Amino acid sequence: QVQLVESGGGLVQAGGSLRLSCAASGRSLGLNIRGWFRQALGKEREFVAAINWGGTSTYYAGSLKGRFTISKDNAKNTVYLQMNSLKPEDTAVYYCAAGYSERRINDKTNYNYWGQGTQVTVSS
């Protein structure tokens with residue numbers, strides 16, 4: 001079993017920054033892709049970013065590239081999401097996810113494990 005625990009969410013003014021963390025524990029060997037998704041109230045969960053665990057490849061939702069940066073610390077088994085120039089429309093619950101396959105990076109069904117989510121609220 002794998003556990004993913006997110007942290008770092010909170011309330012921030014528009015234009016501000018937040019860094020989310022996702023620490024993995026348990027049998028995480030073989031989980032080749034780690035991703036971030038978000039779900040705003042009343043909307044579908046959407047892809048934000050992903051990173052290849054064994055390499056350096058990163059992937060982003062087109063609209064977020066340039067403001068959001070995903071990174072990792074293999075030694076700490078932790079993935080980060082740096083979010084800059086935040087906008088009110090970034091308000092959502094942000095979920096960390098991990099999966100074995102790298103075939104459908106932006107598809108939530110590709111991921112096998114999920115964290116509990118962390119709330120990010122951006123005020124105008």
Side-chain angles (χ1 to χ4, degrees):
Q1 192 62 284
V2 174
Q3 294 79 41
L4 302 175
V5 179
E6 302 101 333
S7 61
L11 174 64
V12 64
Q13 287 189 332
S17 299
L18 281 174
R19 189 177 83 152
L20 305 183
S21 300
C22 173
S25 61
R27 296 184 175 184
S28 59
L29 188 66
L31 288 168
N32 295 316
I33 195 77
R34 310 288 175 94
W36 288 97
F37 286 74
R38 67 184 185 183
Q39 187 166 16
L41 196 62
K43 295 189 177 181
E44 293 286 324
R45 190 170 300 190
E46 64 175 0
F47 173 73
V48 173
I51 189 164
N52 169 268
W53 191 248
T56 59
S57 298
T58 57
Y59 310 88
Y60 295 93
S63 60
L64 301 176
K65 192 171 184 178
R67 292 196 298 124
F68 289 15
T69 303
I70 190 169
S71 61
K72 62 187 176 83
D73 184 331
N74 291 69
K76 295 183 179 179
N77 210 352
T78 298
V79 176
Y80 305 97
L81 184 69
Q82 178 67 42
M83 305 185 294
N84 297 329
S85 302
L86 283 163
K87 304 175 182 180
E89 51 263 43
D90 295 318
T91 295
V93 177
Y94 283 72
Y95 295 91
C96 173
Y100 298 103
S101 172
E102 298 180 56
R103 291 190 174 183
R104 305 185 314 277
I105 300 293
N106 60 350
D107 184 346
K108 57 182 178 290
T109 66
N110 183 61
Y111 293 81
N112 303 86
Y113 299 97
W114 292 83
Q116 81 288 352
T118 186
Q119 177 70 47
V120 171
T121 303
V122 184
S123 63
S124 57

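What you see is a predicted model; the values in this text were computed from it and never measured.
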Heavy-atom side-chain proximity of [X] to [Y] below 4.5 angstrom:
X      : Y      : answer
Ile33  : Ile105 : yes
Trp53  : Asn77  : yes
Tyr113 : Tyr100 : yes
Leu20  : Glu6   : no
Glu89  : Val122 : no
Ile70  : Arg34  : no
Leu64  : Glu46  : no

Heavy-atom pair with the smallest gap, counting every atom of [X] and [Y]:
X      : Y     : value
Ala49  : Leu81 : CB-CD1, 4.2 Å
Ser123 : Leu11 : CB-CD1, 4.3 Å
Pro88  : Ala14 : CD-CB, 4.1 Å

Arg27 atom CZ, neighbour heavy-atom count above 12 within 6.0 Å: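 Atom CZ in Arg27 is not crowded, with 12 or fewer foreign heavy atoms closer than 6.0 Å.
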Arg45 charged N/C atom sitting above Phe37 aromatic ring, 6.0 Å / 45°: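 That pair does not qualify as a cation-pi contact.
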Atom pair CZ (Arg103) and CG (Asn110), whose distance is rounded to the nearest 0.5 Å: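 One finds 9.5 Å between CZ of Arg103 and CG of Asn110.
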Chi angles and distances behind the side-chain contact (heavy atoms from CB on, under 4.5 Å) call for Tyr60, Thr69: CA-CA 8 Å; Tyr60 295 93; Thr69 303; 3.8 Å; yes
Trace of the side-chain contact (heavy atoms from CB on, under 4.5 Å) decision for Cys96 with Trp36: CA-CA 5 Å; Cys96 173; Trp36 288 97; 4.0 Å; yes
Option among Gln82, Met83, Arg67 that satisfies the side chain to side chain contact (heavy atoms under 4.5 Å, CB included) test with Ser17: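 Output: one option passes, namely Gln82.
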Verdict with supporting geometry, Tyr95 and Leu4, side-chain contact (heavy atoms from CB on, under 4.5 Å): CA-CA 9 Å; Tyr95 295 91; Leu4 302 175; over 6 Å; no
Stepwise side-chain contact (heavy atoms from CB on, under 4.5 Å) test for Asn106 and Tyr59: CA-CA 8 Å; Asn106 60 350; Tyr59 310 88; over 6 Å; no
